[in-house]
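One-based numbering, in listed order, for ligands and for the atoms of each. FYI, the numbering just counts along the sequence from 1.
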Amino acid sequence: MHPTARLAVRSSGFRAAAGTARLSRFQPSTLPRVIVRFSSSGSNPQYEFIQVTEPRPGVGQITLNRPKALNALSTPLITELNTALLTFQSTPSIRAILLTGSQKAFAAGADIKEMAPLTFSSAYLNSFIESWSNLTTTLKKPLIAAVSGHALGGGCELALMADIIYCTKTANFGQPEIKLGTIPGAGGSQRLTRAVGKAKAMELILTGKSFSGEEAEQWGVAARAFGSYEELMEESLKTAETIAGYSKVAVQAAKEVVNKSQELGLRDGVEFERRVFHALFGSEDQKEGMGAFGEKRKAQWKDQ
Ligand code: CO8
């Protein structure tokens, strides 16, 4: 195990048991199974390919940490990522999550060396990469991807699964699978197309050409692009902290309604939004938020 990568989750509030209980849904079944190690007390997961920290109050950070392979997304790495996300999801003190890589690479794609020998029947029968989607379907807390350097193939797709992408202007996004004789397999053809429109997505996916962080911001793939890596990380943390400072109930509802816009037609989407909006009048935090405004004081969220 890489010595610097073995970083236990810091928060004493982390409940590995909760993660373990739900782990089975996250186990990719295709390639060698990874048993995520737990500390001797049995409470804190130990990771080899990611680092997990709590850099700000309420903010959980996952840093992809496979530097020699530019954070190529192997099955063991994805297994650890899913475990860490589940742990954050079930940890009450975590209210927003930041996912990042290194300055050089967010992730240079799915692990080509792992995929090279796969056969159709094993990929198909074992639902290869299906577990990647758990990230989007199970995670209710907001996820910010801070992208510097390469975000290619599966790396670009992983970033696109986040709720917000921040990047450096020089970040290198792309779906180069066509150059490898294959196509995006973790949602790239769908999410990139929704983000940039059919013409641009078709050009990018058919040519495998990269696009910069600056372009990602201009095209609406990234919310913001920054001039330096340091600025990217600082602003990403600030945004995560801002979100972590709001009512959990409202934040989860906001994420849910925005995500529905990607699946529903406008009329159904607006109807869904109104239903959730009405429901929030039943929350204590709506009373607290509007009451605090009237009393000119800071709201004290109860997450109720
Ligand atoms: N998989 C495995 N290893 C990789 C990958 C990768 N995707 N990318 C880089 N590496 C490894 C290299 O093999 C090299 O290892 P070694 O030193 O042992 O030879 C090391 O990382 C450093 O790489 P380079 O020497 O190539 O570094 P450079 O700075 O010269 O180049 C690049 C950086 C441009 C990023 C280059 O490494 C590259 O082109 N990488 C491949 C990018 C790519 O094609 N990504 C798409 C992969 S396919 C994919 O993601 C399909 C997604 C399908 C759904 C998800 C399924 C899980």
Distance-only criterion, 3.5 Å: show the donor-acceptor pairs between side-chain atoms of residues 182-190 and protein atoms not counting sequence neighbours.
none

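By the 4.0 Å N-to-carboxylate-O rule, Glu235 lies close enough to Lys238 to be salt-bridged with it. A salt bridge does not link Arg267 with Glu271: none of the charged nitrogens is closer than 4.0 Å to a carboxylate oxygen.
Here side chain to side chain donor-acceptor pair (under 3.5 Å) pairs that include residues 222-232, with residues two or more places apart or in two chains, number zero. Legend: salt bridge (Lys or Arg N to Asp or Glu O under 4.0 Å) pairs involving residues 149-167, not counting sequence neighbours, sorted by first then second residue: Asp163-Lys255.
Taking a heavy-atom cut-off of under 4.0 Å, ligand 1 is surrounded by Lys68, Ala69, Leu70, Ala72, Ala108, Gly109, Ala110, Asp111, Ile112, Lys113, Met115, Phe128, Ile129, Trp132, His150, Leu152, Gly153, Gly154, Glu157, Pro176, Glu177, Leu180, Gly185, Ala186.
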**OP:** Give the intermediate values and the outcome of salt bridge (charged side-chain N to carboxylate O under 4.0 Å, His left out) for residues Glu203 and Lys209.
**Re:** CA-CA 8 Å; Glu203 183 197 31; Lys209 266 173 31 186; 3.6 Å; yes
